Amino acid sequence: MAELKVGDKAPEFTLDSTHGTVSLTDMLARAARGVVVYFYPRASTPGCTTEACDFRDSLASLQGAGYEVVGISKDDMAALEKFEANQLLTFPLLSDPEGTVIDAYGAFGEKMSFGRKILGPKRCTFVVNPDGTIALAQYGVRASGHVKRLRRELGID
């Protein structure tokens, strides 16, 4: 799937999560300013842990500014539940084992891993407006410092 850009309609999803079944429509209904949807390669790996913990540590300010946060990976529920418990994560982690949503957001493809090119889920972040359109699309983000940069772009810092 092609990469999404600002103004595109965000692909709808309903997936199992560590907080029950979650849909983009339901999250948008609760979020005053939108939903931060981030995709990550694999739970409990160093980069994904750094990114998830940064979202955890910034969750109150993101929610205070009117944003909901959700993380999506191909991990199964057991791996996500363990990741959530070990890192004390307080936002939903969604399981997309078939990669349907990951593909729909253009978050699967060629990437560099340990100096070699591989195919797999890419680290990407989207902000979805309450009307369901993409407000921000970031592909190939770095785990470290990403949430801080996102907060600045959203005008939270």
Side-chain angles (χ1 to χ4, degrees), residues 1 3-4 8-109 111 119-144 146-151 154 156:
M1 182 75 181
E3 292 186 353
L4 298 175
D8 287 348
K9 186 74 173 161
E12 174 57 43
F13 58 79
T14 301
L15 294 169
D16 291 333
S17 87
T18 53
H19 295 206
T21 302
V22 171
S23 74
L24 178 61
T25 299
D26 290 345
M27 291 188 77
L28 287 171
R30 292 190 306 269
R33 295 196 48 205
V35 177
V36 176
V37 179
Y38 85 95
F39 295 88
Y40 58 99
R42 196 164 130 199
S44 300
T45 57
C48 296
T49 298
T50 295
E51 186 177 29
C53 290
D54 283 352
F55 272 113
R56 176 200 64 205
D57 296 345
S58 294
L59 189 61
S61 65
L62 287 163
Q63 288 176 330
Y67 295 97
E68 293 290 321
V69 174
V70 63
I72 302 176
S73 73
K74 292 182 84 169
D75 293 301
D76 63 27
M77 287 307 300
L80 295 179
E81 289 165 353
K82 181 178 179 183
F83 186 40
E84 179 182 77
N86 287 346
Q87 302 306 323
L88 305 174
L89 303 177
T90 54
F91 56 89
L93 300 176
L94 283 62
S95 177
D96 183 21
E98 303 301 320
T100 307
V101 177
I102 292 167
D103 286 342
Y105 277 77
F108 186 90
K111 62 182 184 172
L119 283 177
K122 299 186 282 187
R123 193 177 310 280
C124 306
T125 299
F126 303 87
V127 177
V128 182
N129 288 317
D131 69 359
T133 59
I134 301 290
L136 181 71
Q138 299 177 326
Y139 288 88
V141 299
R142 298 184 64 108
S144 182
H146 167 58
V147 177
K148 183 177 182 178
R149 289 187 299 277
L150 177 64
R151 290 165 46 94
L154 294 175
I156 296 171

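Values in this document were obtained by computation on a predicted structure and should not be read as measured data. Quick note: numbers below take in every heavy atom, side chains included, and nothing from hydrogens, waters or symmetry partners.
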Grab the two heavy atoms, one from [X] and one from [Y], that are nearest each other, plus how far apart they are.
{"X": "C124", "Y": "Y139", "value": "SG-CD2, 3.3 Å"}
{"X": "S95", "Y": "L15", "value": "O-CD2, 3.6 Å"}
{"X": "D96", "Y": "V101", "value": "OD2-N, 2.9 Å"}
{"X": "L4", "Y": "A137", "value": "O-CB, 3.6 Å"}
{"X": "D131", "Y": "K9", "value": "O-NZ, 3.1 Å"}
{"X": "R123", "Y": "A143", "value": "CD-N, 3.7 Å"}

Main chain of [Y], side chain of [X]: is a donor-acceptor contact present, judged purely on distance under 3.5 Å?
{"X": "D54", "Y": "V147", "result": "no"}
{"X": "R30", "Y": "E68", "result": "no"}
{"X": "D76", "Y": "A78", "result": "yes"}
{"X": "E51", "Y": "H146", "result": "no"}

Contacts table for residues 59-67: side-chain donor-acceptor under 3.5 angstrom, sequence neighbours left out:
| residue | atom | partner | partner atom | Å |
| --- | --- | --- | --- | --- |
| S61 | OG | S58 | O | 3.0 |
| S61 | OG | R151 | NH1 | 2.0 |
| Y67 | OH | R33 | NH2 | 3.2 |

* To do: Rounded to the nearest 0.5 Å, what's the gap from NZ on K82 to CG on L93? Could you check?
  => 14.5 Å
* Asked: Rounded to the nearest 0.5 Å, how far does CG of L88 lie from CZ of R56?
  -> 6.5 Å
* Does atom CZ of R149 have more than 12 heavy-atom neighbours, drawn from other residues, nucleotides or ligands, at distances under 6.0 Å? -> yes
Under 3.5 Å, which donor-acceptor pairs link side chains of residues 36-49 to any protein atom two or more places apart or in another chain?
| residue | atom | partner | partner atom | Å |
| --- | --- | --- | --- | --- |
| Y40 | OH | S73 | OG | 3.4 |
| T45 | OG1 | R42 | O | 2.8 |
| T49 | OG1 | T45 | O | 2.8 |

* Evaluate side chain to side chain contact (heavy atoms under 4.5 Å, CB included) for L94 paired with F13, printing each intermediate quantity in order. => CA-CA 10 Å; L94 283 62; F13 58 79; 3.6 Å; yes
* Report the residues that fulfil side-chain contact (heavy atoms from CB on, under 4.5 Å) with E81, sequence neighbours left out, ordered by chain and then residue number. => T18, M77
* To do: Walk me through it: do T14 and D26 pass the test side chain to side chain contact (heavy atoms under 4.5 Å, CB included)?
  => CA-CA 9 Å; T14 301; D26 290 345; over 6 Å; no
* Are F55 and L89 side-chain neighbours, meaning at least one heavy-atom pair lies under 4.5 Å? -> no
* Asked: Going through the checks in order, is the side chain to side chain contact (heavy atoms under 4.5 Å, CB included) test met by M27 and V128?
  -> CA-CA 10 Å; M27 291 188 77; V128 182; over 6 Å; no
